Structure formats: C-alpha cells, structure tokens
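Given the structure is predicted, the values throughout are model-derived calculations rather than measurements.
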Amino acid sequence: MSTHAAARVAAPTRREQILREAARLFAERGFHGVGVDEIGAAVGISGPGLYRHFPGKDAMLAELLVGISERLLEGGRLRVSEDAARGGGSPEALLDALIEGHIDFALDDRPLITLHDRELDRLRDTDRKRVRRLQREYVEVWVGVVRALYPALAENEARVTVHAVFGLLNSTPHLARPEARPDARPGREATAALLHRLARGAFAAAAAEPA
C-alpha cells in the first residue's frame, strides 16, 4: 500500500472529526457551554450540517461516553484473548499490557476523562446504565488478571485496587498539556513510564503482607 493510500485509510471520518472536536469543546467549556454551530465550525461545516451525522448534542455525548467504554472493554478482552492464544503463561506481562493500553487512553483521550467526570449524569438513563455496565465488565477483566498474578489477594481487595489504579491513571487531565513547556515536564514517553511504575507499585503494595 502506498503512503498516500495508507494516509487515506488512517484519516478520520467526518463523524470521527465531529466527535473529537465535540469532546474537546465539551471538556473545555461544559456541555451546555457549547453550541452546535461551534462544533460545526471546528470541523469546517455549518451547524445544521451536523444533523446529517447526529440528531443533536445529546447523541454526540452518548456516543462519546458509550463508545470509549466499549473500546476500553474490547481492548482489555483482546489482550486477554491474545495472551490465552500464546498459552496464557505470563499474568505479569498481561497486566503490563492492560496498564499500557489504559495509559494510552489516559494520555491520548484526556477530554473524554473530563467529559465522563462532569457529564455522565446528562446521559439518558439507558445510556448511563450501559456505560456503567461496560465499566464493571472492564474492571472484572482486570480483577481476573490481577488475581492470577497475585493469587493471595482477595477478590474484593483486587477490585478496590483496580478502581484506585484507574483513578491514578485517569488523573491525566490535571497534568500539563503535552505541548506545554516540554523543558519543564516529562515528555509523553517518560510520563507513560512513570504512570506504569505507579500502577504496578499500587498492585504490589496491595498484595504485600501488612507490616
């Protein structure tokens, strides 16, 4: 495949462009602080033109929050299935893969973290329940892997620790932006490595015998 052909395949669709800009604007100014016309302007189409892709802002918000919950769960399950296909012999490597996948989300999709924290309650009841169900299933993927690595860790303790690690990793919206003062903060690679060490440290601490 040529470079130009690969670029065309990788290019986001108009719908994906709309969702990306909607997430950014909603996170920056709040759901009610952004109009359809502004989202349209951000992607170079008229506000009414957005209605060819979405019936309204509520639908955009639902697709953003349900969509990221689905992608995280699918990614976690995929890593587990790939590990099983290789013989399932390394729960430590599998936990590292789960952490790396979540760090990619936490660093690359910061607006969605902010959006979830601020706007989840604006979803319709059915969509909100779907997000919560997907999140519970995602947690259970991690719990299974954590307990395979640390079998002495009780199931409830493993679950609490997974939630705590998610809180740690999902703190990225409070960090400096990637483009801000690169001389005064770790770059993306260093930040990812630090987050990974912190996550692994949390799991090891949870599994350690009390003093």
Side-chain angles (χ1 to χ4, degrees), residues 12-43 45-81 98-99 101-147 154-174 199:
T13 66
R14 176 66 80 184
R15 187 180 183 88
E16 290 168 339
Q17 290 174 339
I18 292 169
L19 287 173
R20 183 182 60 221
E21 292 303 317
R24 179 182 64 80
L25 290 168
F26 291 160
E28 288 177 356
R29 292 159 50 190
F31 181 75
H32 287 305
V34 179
V36 170
D37 288 343
E38 294 167 279
I39 299 171
V43 295
I45 61 176
S46 67
L50 286 179
Y51 293 111
R52 292 196 296 270
H53 303 275
F54 296 95
K57 290 197 306 177
D58 289 340
M60 296 179 206
L61 181 64
E63 185 155 336
L64 284 165
L65 295 182
V66 172
I68 191 55
S69 298
E70 289 175 336
R71 292 198 297 277
L72 285 171
L73 177 57
E74 289 168 4
R77 286 176 170 170
L78 177 61
R79 289 174 175 86
V80 171
S81 65
L98 287 176
I99 293 171
H102 198 98
I103 287 173
D104 284 341
F105 154 69
L107 291 176
D108 297 337
D109 291 301
R110 299 184 194 197
L112 291 178
I113 298 174
T114 301
L115 209 56
H116 176 276
D117 290 345
R118 293 180 183 171
E119 312 290 359
L120 180 63
D121 287 344
R122 299 191 188 280
L123 295 184
R124 294 180 307 169
D125 190 53
T126 53
D127 289 327
R128 187 170 59 254
K129 287 180 177 178
R130 186 178 177 191
V131 168
R132 292 301 193 194
R133 175 182 57 79
L134 292 164
Q135 291 173 338
R136 286 194 298 270
E137 293 177 15
Y138 182 53
V139 167
E140 294 310 306
V141 170
W142 281 65
V143 168
V145 175
V146 170
R147 295 198 71 216
E155 182 176 323
N156 188 57
E157 290 178 330
R159 191 171 293 111
V160 169
T161 309
V162 168
H163 280 289
V165 167
F166 286 174
L168 185 159
L169 299 180
N170 291 348
S171 66
T172 51
H174 303 290

- Message: Do Val146 and Thr161 have side chains that approach each other closer than 4.5 Å (heavy atoms only, starting at C-beta)?
- Response: no

- Is the shortest heavy-atom distance from the side chain of Arg52 to the side chain of Arg14 under 4.5 Å? no

- Task: Indicate yes or no: does Arg130 engage Asp127 in a salt bridge with an N to O separation below 4.0 Å.
- Result: no

- Does the side chain of Leu19 reach to within under 4.5 Å of the side chain of Phe54, using non-hydrogen atoms? yes

- Query: To the nearest 0.5 Å, what is the distance between CG (Leu73) and CG (Leu78)?
  - Reply: 11.0 Å

- Identify whether the distance between the nearest side-chain nitrogen and carboxylate oxygen of Glu21 and Arg24 falls below 4.0 Å. yes

- What is the distance from atom CD of Glu137 to atom CD of Glu74, rounded to the nearest 0.5 Å? 11.0 Å

- If you look at every heavy atom in Val131 and Ser69, which pair is closest and at what distance? CG1-OG, 3.5 Å

- Is the backbone N or O of Leu61 less than 3.5 Å from a side-chain atom of Glu119, with the two atoms forming a donor-acceptor pair by type? no

- Query: For Thr172, does its backbone N or O pair with a side-chain atom of Arg110 as donor and acceptor, under 3.5 Å?
  - Reply: yes

- Task: May I ask you to decide whether Arg136 forms a salt bridge with Glu140, counting only side-chain N to carboxylate O separations under 4.0 Å?
- Result: no

- What's the spacing between Asp37 CG and Ile45 CD1 if we round to 0.5 Å? 10.5 Å

- Message: With heavy-atom distances below 4.5 Å as the criterion, would you say the side chains of Trp142 and His102 are in contact?
- Response: yes

- May I ask you to test the Val34-Met60 pair for a side-chain heavy-atom distance under 4.5 Å? no

- Query: Quick check: are there more than 12 heavy atoms from other residues, nucleotides or ligands sitting under 6.0 Å from CZ of Arg133?
  - Reply: yes

- Item | Value rounded to 0.5 Å, distance of CD in Gln135 from CG in Leu72 | 8.5 Å

- Query: Less than 4.5 Å apart, any side-chain heavy atom of Phe31 and any of Leu115?
  - Reply: no

- Task: Kindly give the heavy-atom pair with the smallest separation between Gly33 and Glu38, and that separation in Å.
- Result: O-OE1, 4.0 Å

- Item | Heavy-atom closest contact (Ala42 atom, Leu25 atom, distance) | CB-CD1, 4.3 Å

- Message: We want to know whether Arg20 and Gln17 form a side-chain donor-acceptor pair, criterion being a heavy-atom distance below 3.5 angstrom.
- Response: no

- Item | Value rounded to 0.5 Å, distance of CG in Leu65 from CG in Leu120 | 6.0 Å

- Report yes if some heavy atom in the side chain of Tyr51 is under 4.5 Å from a heavy atom in the side chain of Val36; otherwise report no. yes

- Item | Taking every non-hydrogen atom, the tightest pair across Leu98 and Gly76 | CD2-CA, 3.7 Å

- Distance (rounded to the nearest 0.5 Å) between Arg118 CZ and Phe26 CZ: 12.5 Å

- List the atom of Val66, the atom of Leu134, and the distance in Å for their closest heavy-atom pair. O-CD1, 4.0 Å

- Item | Heavy-atom closest contact (Ala23 atom, Leu112 atom, distance) | CB-CD2, 4.0 Å

- Answer yes or no: is there a side-chain heavy-atom contact under 4.5 Å between Ile68 and His116? no

